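Quick notes on the structure that follows.
Model, not experiment: these values are computed from the prediction. Chain naming here is simple, since letters A, B, ... match the order of the sequence lines and numbering starts at 1 in each.
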Amino acid sequence: MNQGLPQPILVHDTFTAAKRELELREPGRCGVYCCGPTVYDLCHVGNARAAVVPDVIVRFLRHQGLQVKYVRNVTDIDDKIIARAQAEDVPAMAVAERYADEYGRDMAALGNLEPDVAPRVSGHLPEIVEMIERLLARGLAYVADGDVYYRVAAFAEYGKLGKRRPEDLLEGAGSRIEVDARKESPLDFALWKAAKPGEPAWDSPWGPGRPGWHIECSAMCGKHLGETFDIHCGGRDLIFPHHENEIAQSQGAYGPGTFARYWLHNGFIDFAGEKMSKSLGNFFTTREVLALHDPETVRYFLLTVHYRSGLNFDVRVDCPACGAELDREAQDQGRCAACGAEPGREALRARVRFPGLEEADDRLAYVYATLAGARRLLHEAAAVPPPAPGELLPAFCEHMRNDFNTGGALGTLSRPLAEANTLLAATKGVDKAARLQWLAGFVADMDQVAAILGCFGADPEDWLRRRRGRRAATAGLDIRRVEALLAARREARAAKDWARSDAIRDELSALGLTVKDGPEGTSWDFA
RNA sequence: GGCGGCAUAGCCAAGUGGCUAAGGCGACGGUCUGCAAAACCGUUAUCCCCGGUUCGAGUCCGGGUGCCGCCUCCA
């Protein structure tokens, strides 16, 4: 069937546990829902990945010509928000408002497109209540003391997404699942929670209260994407119970065969090989990482591996006193085993480095330097022939069509980038028109790659300038002193005083810089 | 205990049964350079183990081993 796509796209669907060809509910159109954050604190890097992944998927689907409606919710009613509000003695909605803003800032910094709709739970109480009433009417839910629970036993499909059998789940009921006398079964989950004194509450047929965690997504999907839509995204950990429960609710309300047609789940981010947890060495907010690296570098790094794989952030901390690399234990103790210094955990945390991101930053700089060179050459040319259709974009898209394989797609760029640099360096023996034509095609293709990835799209010169400025700032470098040294070295080189020239270069390299002497003069960068 | 995932070079990593197993980092050799740096070129793996299916398997099936995750809030 024609899907309104130039070529078929394969997607890995969690429900069927297999790669399937994307068949749209309506050719040419695609509805995408992404489970967004619960806004009770600054978002962490895992949240960033969970947003970048669907963002790239949406960008690619649009690039392939689909009309995409992208919905990413914000959970602004939740126990953790209430807990934080009570701790700070402010209204819960104020907490939610604040962190929803912060989330928006982080997402924008990372280059994520605005979703078409960013619904909030607090704006969908009527839809939620209506859905619960539907479930009650169908015998799939029951009221107990102002709470409403989903009757899991009444939904035969329960457990299919998460590959779980209700019997197995019940086995560990005593220890794993909190037993609540009001529930018919320990597996039943809350659709509506009666408000306790002091908690924010909304009116409902069952008394004042608030929605359970899962029902919001079912209700918001229904409202903004319809009873059935194409793609539902989220982190792996949401498969069970969150997405399982969404299916139970939505199919319970709308009938079999409704709701999301494809379930896409992204893998976790680890720090230093461990799942994030709130101990020193392996929990980082997006904000913290963005303070150390260009947001585009972070985005690029997130896209270097396939979205379903785990992604490890190496964490490196060196002792401020002796420079020794500290292991995890030393980091937790805030003490250097090599020299005995005790800088403390906080001081060490301030010295954290992410080698993977540093490598990614270098790679991005290479790409931008190549683009800068190509653009400069094209700009200087009197006449540029129309771009030659290259192989870059088709090869790139072939990987993207295979379950949005950004890692594989990025790999296809290496050859063309090297080729571009070869052409840029070639001064003789190349056909000038052919060279310009190839480079024009390269730049045109890279523009499209940039639109798909949300990377490589900045002005190359600006990006490289920003990078140097950022690194100069973190290194506490005095640019004027660097300029003075470079001027002195230029003089020495003009006089062919190599000894002095090299001495100045040594001085610069002691500052952590490297100089490059090219035909168009000397440039410098960080080593 | 139940369920799921992963195992590819020194490190990271792509691989939709079939030509010489992408790519990046690192290392080594070379071109360029006053010397360097950058850039470019080249070298750097038979895919955890055992068995099976197949004309053909890193890719499918079974059994091991080892990591990791979920089953409780979690992206």
Taking every heavy atom of His232(A) against every heavy atom of Cys221(A), the minimum-distance pair comes out as CE1-SG, 4.1 Å
Sugar-phosphate only, base, or nothing, as touched by [X] at under 4.0 Å among non-hydrogen atoms:
| X | result |
| --- | --- |
| Asn421(A) | sugar-phosphate |
| Gly235(A) | sugar-phosphate |
| Lys80(A) | sugar-phosphate |
| Leu410(A) | nothing |
| Asp502(A) | base |

N/O-N/O pairs, protein side and nucleotides 41-45 of chain B side, under 3.5 Å:
| from | atom 1 | to | atom 2 | distance (Å) |
| --- | --- | --- | --- | --- |
| C41(B) | OP1 | Arg415(A) | NH1 | 3.2 |
| C41(B) | OP1 | Arg415(A) | NH2 | 2.8 |

Measure all distances between protein nitrogen or oxygen atoms and nitrogen or oxygen atoms of nucleotides 7-13 of chain B, and list the pairs falling under 3.5 Å.
none

Please determine whether any donor N or O and acceptor N or O are separated by less than 3.5 Å between the side chain of His399(A) and the base of A22(B). no
Per-residue pairing states of RNA chain B in dot-bracket (Watson-Crick or G-U under 3.5 Å; . unpaired, | other strand) read (((((((..(((.....[....)))((((((.......))))))...(((((..]....))))))))))))....
Taken to the nearest whole Å, CG/Leu161(A) to P/C70(B) is 16 Å
Asn405(A) CG to U16(B) C1', in whole Å, measures 11 Å
Next on the checklist: Restricting to side chain to side chain donor-acceptor pair (under 3.5 Å), what partner residues turn up for Arg415(A), sequence neighbours left out?
Outcome noted: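 Scan of Arg415(A) (side chain to side chain donor-acceptor pair (under 3.5 Å), adjacent residues dropped) gives none.
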**OP:** For G10(B) and G26(B), measure between their C1' atoms and round to the nearest Å.
**Re:** 8 Å
Please tabulate the protein-to-nucleotide N/O contacts below 3.5 Å involving nucleotides 36-38 of chain B, giving atom names and distances.
| from | atom 1 | to | atom 2 | distance (Å) |
| --- | --- | --- | --- | --- |
| A36(B) | N6 | Asp517(A) | O | 2.9 |
| A36(B) | N1 | Asp517(A) | N | 2.9 |
| A36(B) | N1 | Asp517(A) | OD2 | 3.3 |
| A36(B) | N3 | Arg505(A) | NH1 | 3.1 |
| A37(B) | O2' | Thr514(A) | OG1 | 2.9 |

Cation-pi geometry met for Lys160(A) and Phe15(A) (6.0 Å, 45°):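 So Lys160(A) doesn't make the cation-pi contact.
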Taking the six-membered ring of Tyr149(A), is the NZ or CZ of Arg182(A) close enough (under 6.0 Å from the centre) and on axis enough (within 45°)?
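Here Arg182(A) fails the 6.0 Å and 45° test against Tyr149(A).
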Item to complete: Anything under 30° is parallel, anything over 60° is perpendicular, the rest tilted; go ahead and classify His242(A) against His214(A).
Response: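 Tilted, since the angle between the ring planes falls between 30° and 60°.
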Give each protein N/O atom lying under 3.5 Å from an N/O atom of nucleotides 3-6 of chain B, with the pair distance.
| from | atom 1 | to | atom 2 | distance (Å) |
| --- | --- | --- | --- | --- |
| C3(B) | O2' | Lys163(A) | O | 2.9 |

| query | Hey, do the aromatic rings of Phe284(A) and Phe271(A) have their centres closer than 6.0 Å? | reply | yes
Ignoring hydrogens and angles, state whether a donor on the side chain of Asp361(A) or Thr297(A) is under 3.5 Å from an acceptor on the partner side chain. yes
